[in-house]
Amino acid sequence: LVEAIALFKSLPQFNCMNWTESFNTLLEIMVKESKLETAHLLFLENFSSWEVKSRTQSLNLLINALCQLNRSDLALNVFQEMYYQCCNPDRETYRILMRGLCQDGRLNEATHLLYSMFWRISQKGSSGDVAIYRILLDSLCDNGEVEEAVNILGKVLRKGLKAPKRYCKHLDLSECYSGGRVDITSMKILINEALIRGGVPNTDGYRTMAIDLYSEGKINGGDKVLS
């Protein structure tokens, strides 16, 4: 790593006009090796350099590092500063931050983040957005906020996915209740199915959602998305 840093700092000697890939690769290595202080210093020293052409990926790495440290509050601050730095967050930015906020229990901030997607990056019916919506809806269910999850699902179908009206009808939740108590697993399955039906089929989006389910050990859920 020391040699890699030294090589990066020597780039001006080679009249290199674009450091973006080298900069992001080095940041990613530092984050994976938990060299966060070193990564932060490198970031501050080079982020504003004109040789770094695209800054969104660099900021995504920083946001991811903060979320790994359970400091999604600071990651949210970085996200909010992106616009002042003339950087546009992409779908990966939202995915990383949404997962970080939900893991830290900041569901109110995560909900506001989801709503901001509706007018910032969401495309009509994009199943790429579905994977991000699902993170919040599952977290709300796990936290016992089932009614809120269903309410937000309705907004996602209407405003985020622009789903056909037949998919926006009131969901039949009766099958998710047993003995007067809600079955969280059944509720999450119902919500996931509604999201899948509401989105326009897209290989990349479905693959992302399936990978998330497989990583969580939900093999049947992942298989169902791909089928």
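What you see is a predicted model; the values in this text were computed from it and never measured. No hydrogens, no waters, no symmetry mates; every other heavy atom, side chains included, goes into these values.
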Task: Nearest-0.5 Å distance that lies between atom CG in Leu114 and atom CG in Leu107 - done: 11.5 Å
Open item on the list: I need the minimum non-hydrogen distance between Cys67 and Ala75, along with the two atoms involved.
Closed with: SG-CB, 3.8 Å
- [ ] Please tell me if the side chains of Ile152 and Tyr133 come closer than 4.5 Å, counting only heavy atoms from C-beta onward.
- [x] no
- [ ] Output yes when a side-chain donor or acceptor of Asn192 lies under 3.5 Å from a complementary backbone atom of Lys188, and no otherwise.
- [x] yes
Open item on the list: Quick one, Leu157 and Leu153 - any side-chain contact, counting heavy atoms below 4.5 Å?
Closed with: yes
TODO: Look only at the side chain of Ser139 and the backbone of Cys102, and say whether a donor-acceptor pair between them is shorter than 3.5 Å.
DONE: no
Task: CA sep, side-chain torsions, deciding dist, call: Thr93, Met82, side-chain contact (heavy atoms from CB on, under 4.5 Å) - done: CA-CA 10 Å; Thr93 312; Met82 290 181 75; 3.9 Å; yes
TODO: Kindly compute the distance separating CG (Leu113) from CG (Leu97), expressed to the nearest 0.5 Å.
DONE: 5.0 Å
Task: Rounded distance (nearest 0.5 Å) linking atom CZ of Arg95 with atom CD1 of Ile135 - done: 6.5 Å
Task: Straight-line distance of Met30 CE to Glu28 CD, nearest 0.5 Å - done: 12.0 Å
Open item on the list: For a quick test of reading the model, state the closest non-hydrogen atom pair linking Cys141 to Met187 and the distance between them.
Closed with: SG-CG, 3.9 Å
TODO: Taking the side chain as every heavy atom from C-beta outward, state whether Arg134 and Leu137 have any pair of such atoms under 4.5 Å apart.
DONE: no
Task: Non-hydrogen side-chain atoms of Val146 and Ile184 separated by less than 4.5 Å - done: yes
TODO: Might you work through the side-chain contact (heavy atoms from CB on, under 4.5 Å) test for Tyr94 and Asp129, ending with a clear yes or no?
DONE: CA-CA 9 Å; Tyr94 280 90; Asp129 296 337; over 6 Å; no
Task: Verdict with reasoning, Phe79 to Leu59, per side-chain contact (heavy atoms from CB on, under 4.5 Å) - done: CA-CA 8 Å; Phe79 170 81; Leu59 286 167; over 6 Å; no
TODO: Enter the distance from Leu66:CG to Asp73:CG here, rounded to the nearest 0.5 Å.
DONE: 8.5 Å
Task: Pairwise distance CD1(Ile132) to CD1(Ile96) - rounded to 0.5 angstrom - done: 10.0 Å
TODO: Taking Asp90 for its side chain and Glu92 for its backbone only, find out whether a donor-acceptor pair lies under 3.5 Å.
DONE: yes
TODO: Run the numbers on Arg71 and Asp104 for side-chain contact (heavy atoms from CB on, under 4.5 Å), then give the verdict.
DONE: CA-CA 8 Å; Arg71 293 306 308 269; Asp104 288 352; 5.8 Å; no
TODO: Considering non-hydrogen atoms only, spot the tightest contact between Pro89 and Thr56 and give its length.
DONE: CA-CG2, 4.4 Å
